[in-house]
Amino acid sequence: MGSGVVHHGLRLSFLLLFSMLFEPFEKDVKLVWDFVSVIFGCGLVCCVFWFFLKLILSSLTQLKHIDLCKKKIGSAELAFEHAAWMSKQFQAFGDLFDEAIKLGLTAIQTQNPGFYYQQAAYYAQERKQLASMLCNHDSSVVYPNPDPLETQTGVLDFYGQRPWRQGILSFDLSDPEKEKLGILALQLKEKNVLHSELIIALLSNAVAQFKKYKCPRMKSHLMVQMGEEYYYAKDYTKALKLLDYVMCEYRSEGWWTLLTSILTTALKCSYLMAQLKDYITYSLELLGRASTLKEDQKSRIEKNLIKVLMNESPDPEPDCDATAVKASQKLWADRVSLAGSNVFTIEVQDFIPFVQCKAKFLAPSFHVDVPVQFDVYLRADCPHPIRFSKLCISFNNQDYNQYCVVEEAYQKSDILEQSSQGTMCLVPGKTRKFTFKFVAKTEDVGKKIEITSVDLILGSESGRCVILNWRGGGGDAASSQEALQAARSFRRRPKLPDNEVHWDSLTIQASTMIISRVPNISVQLRHEPPALTNEMYCLIVTVQSHEETVAKDVKLTAGLKPGQDANLTQKTQVTLRGTDACDESFPALLPDIPVGDLQPGEKLEKPIYIRCGTVGARMFLVYVSYLINTVVEGKEILCKCHRDETVTIETVFPFDVAVKFVSTKLEHLDRVFADIPFLLMTDILSASPWPLTIVTSQLQLSPSMTPVDQLESYVENVVLQTGESASECFCLRCPPVTNATGVATGCYIISWKRSSPVESVPVVSTVITLPHVIVESIPLHVNADLPSFGRVRESLPVRYHLQNKTNLVQDVEVSVEPSDAFMFSGLKQIRLRILPGTQQEMLYNFYPLMAGYQQLPSLHVNLLRFPNFTNQLLRRFIPTHIFVKLGVPKQAKRAGL
C-alpha cells in the first residue's frame with residue numbers, strides 16, 4: 001500500500017475524531033475543560049503529522065480547532081484556564097513550526113514562528129489579568145482539605161477529566177459542593193503561578209524570531225512589552241535595559257506617544273531603584289517638547305526634579321506598587337544622607353530634553369583684528385520658568401573658554417521663581433539670547449575655531465548639580481528632523497516683537513575661520529607682455545604702504561605660482577638681477593625676499609627678472625607680507641598681514657628661422673655634392689609684437705663642413721619690426737664623406753634683445769641647430785667662366801672647366817648644341833680623356849644675335865664609364881641662360897662712348 005493512501009486514511013481518521021469530539025462539546029458547556037484537553041492533544045498530533053509531510057498550509061488549517069474553542073470558556077470562575085489553554089496551543093504550534101524550520105521548512109517574514117509566540121504571550125497576559133480578578137481571595141481563605149485535585153489511585157479514569165469527577169459518567173454534576181471546592185483549589189494554585197516569567201519567556205522567543213526574520217518594528221514592540229513585564233515582576237534593572245534600547249529607535253522615527261509611554265515606565269523604574277542620573281534624565285525628557293503628557297503631569301515631574309536637585313526625596317510616581325514605594329523611599333533617604341558625587345553630566349545629543357540650544361557664529365570668518373562674536377540661543381519647554389546657574393562654552397582652543405561664561409548666583413528656593421532681573425531664567429516658550437565675543441590669537445590665523453560643547457548647569461554645588469552638555473553648537477535627537485520639516489514647510493510664521501526670533505529660523509553654525517588682517521598696502525605689477533622665449537623678462541613690483549604706522553619686516557615672495565605643470569617649473573627661472581645668465585639651477589620661485597620696513601605712504605619698486613624657456617601661459621604670484629601693531633578691544637596685538645597679486649604672462653617665440661640649401665645658381669638642393677660649393681641661406685622672421693635688435697649672428701660649422709669665404713655676420717645691429725625678416729647667405733663646401741645618411745651642418749647662433757632705450761637690457765643668445773644634409777660624390781664637375789652679360793653682335797668668350805673627381809681616367813664625349821640666339825666658334829663635338837684629379841678647359845666664342853634673356857648653346861657631356869651621369873645633373877653647375885644687351889651704335893663707338 002502506498003504512502004499516499006496511508007496519509008489519506010490518517011487524514012480521514014483525524015476528521016472523524018474531531019467531528020465526534022465537537023458533537024457533545026457543542027451541547028454541554030459544563031464539561032468544556034474535559035473536551036478541550038482532549039482536543040488539545042489530538043490537534044497537536046494532527047499538526048505534527050502535517051508538518052512531517054511539509055504541508056504547512058494543511059497544518060495552519062488544522063489550527064481552526066482553536067477558533068472553534070476560542071469562545072468556549074466554560075466555567076466563569078475558571079476563565080483563566082481557558083486563556084492558559086489558548087496560550088499553550090499557540091506556544092506548542094510555535095515550537096512545532098520552529099522545529100520544522102530546523103528540518104528544512106522555509107519560513108518568510110510574514111509567516112514565521114514569532115507570530116505564534118506573540119499570540120501565546122497575549123493569552124498569557126490575559127491569563128494574568130483574569131487570575132488577578134478571579135483569584136483575589138482574602139488571606140483567611142485556606143486550601144481545601146482533603147485536596148479535591150487528588151485521587152485515591154493517583155491516576156484519572158479518562159484523559160482531561162476533573163479529579164473530583166472520577167466515576168461520574170453522565171453530564172450532570174451531582175455534587176455542587178465538591179465542584180465549589182475543586183474550583184477554589186484551582187484558583188488558589190493559580191494565585192501562586194509566576195505569570196510574568198511565562199510571559200517574558202514567550203516574548204523572548206517571539207523577539208528572537210522577529211530578529212531572525214528582520215522585523216525590527218515587531219521586535220521593538222515586543223521588547224517594550226518585555227520591559228513592562230520585567231517592571232511588573234519588579235526586576236527594574238532588566239526593565240530599564242530593554243526600555244533604553246527601544247527608546248533610541250522611537251526617538252529617531254518620531255513615535256512621540258509611544259516614547260512618552262516608555263519614558264513614563266522608565267521613570268517609575270528609576271524612582272523605585274533610586275537611580276539619580278536615570279531619574280533626572282527621564283524627567284528632563286518627559287518635560288520636553290517630545291512628551292505628550294498633560295501639563296499637570298509635567299508640572300508634577302518638574303517639581304520632583306527640582307526636589308532632587310535640592311537634595312530632597314521626590315514624591316512617589318503614580319500607580320507604583322505600595323511595597324516597592326516604601327522600599328524606594330528608604331533608598332532615597334540614603335541618597336540624601338550620603339555625601340557622594342552630586343554632579344551629573346548628561347549628554348543631550350541622544351535624547352530630547354526640555355531645554356533646546358543653538359550656537360551661531362555671526363560670520364563664517366573673522367579677521368584677526370576684529371573680535372569674534374557668536375550668539376547662544378536657549379529655549380525651555382517645561383511648564384514653569386526655571387533658573388539655571390551657569391552657561392559656559394568650550395572651544396577646540398581651550399584658551400577661549402574663559403571668555404565665554406555666564407554665571408548667576410541665587411538661592412535654592414528661587415530655582416522655580418521667575419525674575420525679570422535674572423539673566424539665567426528661562427521662560428517657557430521664549431527664546432533667550434546670550435552674546436559672547438573675544439579676541440582671537442594671532443597664531444590661530446588660518447585655523448578654524450570650533451565650538452566643541454555647550455554646558456548649561458542646573459542646580460548648585462550645595463545641592464545637586466546637573467550639567468546639560470551639547471556637543472558642537474547644540475541640537476538634540478529631534479533637531480535634524482525638525483530642521484528638515486521647517487525647511488520644507490511653507491507656513492507663514494507669525495510676526496514677533498523685534499527682540500524675539502523664530503526658533504525654527506535659527507541655524508547652528510558651530511565653527512568659524514580666523515583670517516589675517518585686511519592689508520592696507522597696494523601692490524602693482526608693471527610689465528610689457530607677452531614675454532619672449534629665453535629673454536630676461538622684467539616684472540616691476542611696486543609696493544606702497546597706506547598704513548598709519550610703520551609696516552615692519554616687509555618680505556616679498558615672487559615667482560611661478562605653485563601647483564602648475566611640473567614642466568613649467570623646470571623651464572622657468574626667476575632672479576633679482578637681470579644681468580645674471582639664468583640656467584636650470586635658478587629657482588622658479590623666490591621666497592621671503594627681505595625688503596625692510598615701510599613708513600606710512602612710502603613706495604618701493606622691485607624689479608623681478610623671469611626667464612621662460614618654453615612657450616605658453618604661466619601664472620606668476622607676487623606675495624607681500626609684513627607685521628604691524630594694532631589695538632583690538634583695548635588689547636595690543638601684532639598682526640601679520642599679506643597681500644598677493646597674480647598675473648598670467650603669455651610666452652611666445654621671438655622669431656622664426658628658416659634654413660635652406662641652394663646651389664650657386666640659387667636653386668633648391670635636397671642634397672649637395674662633395675667638394676662642390678653650395679649656399680646656406682638663413683631667414684629670420686620677427687614674430688615679436690615688440691621691435692627686436694639682432695645684435696649679431698654666428699655660424700658654427702661642424703668639422704665636416706668648411707667655408708669657402710670668411711664667415712661674418714650680415715645682420716649685425718639690424719632692428720626688426722613685427723613681420724619683418726633679415727636674411728644671410730654663406731658659401732660652404734663639404735669634403736667627401738662615407739656616411740650616406742646625412743652630415744651635420746652645425747648651428748646658427750643669434751644674439752638679440754628687445755629694442756629699448758635702456759642699454760642694460762641683457763642680450764639673449766638663441767642657438768638654432770641646422771639640419772643635416774645628404775652629401776653625394778660625382779665623377780665629373782663642370783663649371784663655366786663667362787661675363788655677367790653680353791651685347792648683340794659682340795664676341796662673348798665662354799670657358800668650360802671639366803674636372804675629373806675620380807681615381808680613374810675618364811673618357812669624355814663633349815658636344816655643343818646650337819641655339820637660335822647665338823652663333824659660336826669652337827669644337828662642336830670632341831672626345832677627350834681626362835686624368836684623375838686633373839681638369840680640361842674648353843674655350844668657345846659665342847656671338848649673340850638678339851637681345852634679351854637668351855638661352856646659351858647647350859653643353860652635353862657623356863661619360864663612358866658612368867652612363868648614369870646625365871646632362872640634367874650637369875645643368876646644376878653651369879648657366880643655361882644669359883642676359884644680352886643691345887649693341888653700341890657705330891657713331892657711339894667712334895665718339896669713344
| message | Please find the pair of heavy atoms, one from Ser697 and one from Glu728, that lie closest to each other, and give the distance. | response | OG-OE1, 2.7 Å

Show the atom names and distances, to 0.1 Å, of all donor-acceptor pairs under 3.5 Å that link a side chain in residues 613-630 to residues at least two apart or in another chain.
residue	atom	partner	partner atom	Å
Thr614	OG1	Arg618	NH2	2.6
Arg618	NE	Thr572	OG1	2.8
Arg618	NH1	Thr614	O	2.8
Arg618	NH1	Thr651	OG1	3.4
Arg618	NH2	Thr614	O	3.2
Tyr626	OH	Asn520	N	3.1
Tyr626	OH	Glu547	OE2	2.5

| message | Among residues at least two apart in sequence or on other chains, which ones pass side-chain hydrogen bond (donor to acceptor under 3.5 Å, both in side chains) with Ser688? | response | none

| request: Could you give me the CA-CA distance, side-chain angles and deciding distance for Ile540 and Thr542, then say whether side-chain contact (heavy atoms from CB on, under 4.5 Å) is met? | output: CA-CA 6 Å; Ile540 298 178; Thr542 303; 4.3 Å; yes

| So, Arg733 side chain and Pro677 main chain: donor-acceptor pair closer than 3.5 Å or not? | no

| query | Ser686 and Leu692: which non-hydrogen atoms are nearest, and at how many Å? | reply | OG-CD1, 3.9 Å

Could you pull out all donor-acceptor pairs under 3.5 Å where a side-chain atom in residues 829-838 meets a protein atom, sequence neighbours excluded?
residue	atom	partner	partner atom	Å
Arg833	NE	Asp811	OD1	2.8
Arg833	NH2	Asp811	OD1	3.4
Thr838	OG1	Leu835	N	3.3
Thr838	OG1	Leu835	O	2.7

| said: Is a donor from one side chain sitting under 3.5 angstrom from an acceptor on the other, for Glu817 and His860? | reply: yes

| query | Under 3.5 Å, side chain of Asn396 to main-chain N/O of Lys448, donor-acceptor pair present? | reply | yes

Table please: side-chain donor-acceptor pairs of residues 552-560 below 3.5 Å, with sequence neighbours left out.
residue	atom	partner	partner atom	Å
Thr557	OG1	Asp592	N	3.0

| Pairs in or reaching into residues 766-786: which pass ring-ring contact (aromatic ring centres under 6.0 Å, His included), with residues at least two apart or in two chains? | His781-Phe877

| query | Among all residues two or more places apart in sequence or in another chain, which pass the side-chain hydrogen bond (donor to acceptor under 3.5 Å, both in side chains) test with Arg799? | reply | Glu841

| request: Keeping to residues at least two apart or across chains, list the ring-ring contact (aromatic ring centres under 6.0 Å, His included) pairs with something in residues 690-732. | output: none

| request: If a pair satisfies side-chain hydrogen bond (donor to acceptor under 3.5 Å, both in side chains) and one of its residues is in residues 819-828, list it, with sequence neighbours excluded. | output: none

| Exam field: side chain Gln570 to backbone Asn567, donor-acceptor pair closer than 3.5 Å | no

| query | Does some side-chain heavy atom of Ile684 sit less than 4.5 Å from a side-chain heavy atom of Ser727? | reply | no

| remark: salt bridge (charged side-chain N to carboxylate O under 4.0 Å, His left out) filter on Glu667, not counting sequence neighbours, yields Lys665

| query | Do the charged groups of Lys753 and Glu535 touch, with an N to O distance under 4.0 Å? | reply | no

| said: Restricting to side-chain hydrogen bond (donor to acceptor under 3.5 Å, both in side chains), what partner residues turn up for Ser702, sequence neighbours left out? | reply: Ser704

| Cut-off 3.5 Å, side chains only: do Thr693 and Trp752 have a donor facing an acceptor? | no

| task | Just jot down the side-chain hydrogen bond (donor to acceptor under 3.5 Å, both in side chains) partners of Glu776, sequence neighbours excluded, or say none. | result | Arg671

Show me the donor-acceptor pairs within less than 3.5 Å that the side chains of residues 521-534 make with the rest of the protein, sequence neighbours left out.
residue	atom	partner	partner atom	Å
Ser522	OG	His546	NE2	3.2
His527	ND1	Tyr537	OH	2.6
Thr533	OG1	Val652	O	3.0
Asn534	OD1	Arg611	NH2	3.1

| query | Judged by atom type as modelled, is there a donor-acceptor pair below 3.5 Å linking the side chain of Thr745 to the main-chain atoms of Pro771? | reply | yes

| field | Working for side-chain contact (heavy atoms from CB on, under 4.5 Å), residues Val816 and Phe824 | value | CA-CA 10 Å; Val816 178; Phe824 72 92; 3.9 Å; yes

